[in-house]
Amino acid sequence: QVRLVESGGGLVQAGGSLRLSCVQSGRALGAFDVGWFRQSAGQARERVAAINYDGGRTDYADSVKDRFYIDKDNGRNTAYLQMDSLKPEDTAVYYCASGIGSFVAGGWPHWGQGTQVTVSS
């Protein structure tokens, strides 16, 4: 059974940086695409970044392009989301998700529990 655990969230001032980690257990991450999503109060869940299984393709939401960077280390079964130049509107619970073929087809079967990111102005 696949399990995802996020970490690295917290409180940061606007303009600061955070790096989120997502560790997968149960099955090796190497065959899995990974997505990072966020949801703030009263808002729909938004996909902010995704990376395919071998790291060769990435995709970003326009709202985070050139500020957020997704990466994965298959040897460590870990994916990362580097978040720079954070803004108050980035405040949300951030979730990682994984799936085989999900980068193209959508549908993410495995989810973490989420980590809170709060950006103060």
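The structure presented is a predicted model; accordingly, all values stated were derived computationally and were not measured.
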Do you know which two heavy atoms are closest between [X] and [Y], and how far apart they sit?
X	Y	value
Asp66	Tyr69	O-OH, 3.1 Å
Tyr94	Met83	CE2-SD, 3.9 Å
Gln24	Arg27	NE2-O, 3.0 Å
Asp90	Ser85	OD2-O, 4.4 Å
Trp36	Ala79	CZ2-O, 4.0 Å
Val2	Ser98	CG1-OG, 4.2 Å

Please examine the side chains of [Y] and [X], heavy atoms only from C-beta on, and report whether any two atoms are closer than 4.5 Å.
X	Y	value
Thr115	Val93	no
Phe68	Leu18	no
Tyr80	Leu20	no
Asp33	Ile51	no

Look up atom [atom1] in [X] and atom [atom2] in [Y], then write down how far apart they are to the nearest 0.5 Å.
X	Y	atom1	atom2	answer
Trp108	Leu4	CH2	CG	10.5 Å
Cys96	Ile70	SG	CD1	9.0 Å
Glu46	Phe37	CD	CZ	10.0 Å
His110	Gln1	NE2	CD	9.0 Å
Ser40	Arg45	OG	CZ	13.0 Å
Leu81	Arg38	CG	CZ	9.5 Å

Look only at the side chain of [X] and the backbone of [Y], and say whether a donor-acceptor pair between them is shorter than 3.5 Å.
X	Y	result
Asn74	Tyr53	yes
Thr118	Thr91	no
Glu6	Gly114	yes

Notebook entry, point to check: Is there a chain of hydrophobic side chains (I, L, V, M, F, W, Y, each step under 4.5 Å between heavy atoms) that links Val48 to Phe103?
Noted result: no
Notebook entry, point to check: Going through the distances and angles, do Gln116 and Leu11 end up as a side chain to side chain contact (heavy atoms under 4.5 Å, CB included)?
Noted result: CA-CA 8 Å; Gln116 176 71 46; Leu11 174 65; over 6 Å; no
Note to self: Check the orientation of Trp111 and Tyr95. Use parallel for under 30°, tilted for 30 to 60°, and perpendicular for over 60°.
What the structure shows: perpendicular
Notebook entry, point to check: Do NZ/NE/NH1/NH2 and the carboxylate oxygens of Asp54 and Lys72 come within less than 4.0 Å?
Noted result: no
Check: Is the closest basic N to carboxylate O distance between Asp62 and Lys65 below 4.0 Å?
Finding: yes
Next item on the list: For Thr78 and Leu29, run side chain to side chain contact (heavy atoms under 4.5 Å, CB included): C-alpha distance rounded to whole Å, both residues' side-chain angles, the deciding distance at 0.1 Å, then the answer.
Entry: CA-CA 7 Å; Thr78 303; Leu29 188 62; 5.5 Å; no
Notebook entry, point to check: Do Ser17 and Asp84 have side-chain atoms, one donor and one acceptor, less than 3.5 Å apart?
Noted result: yes
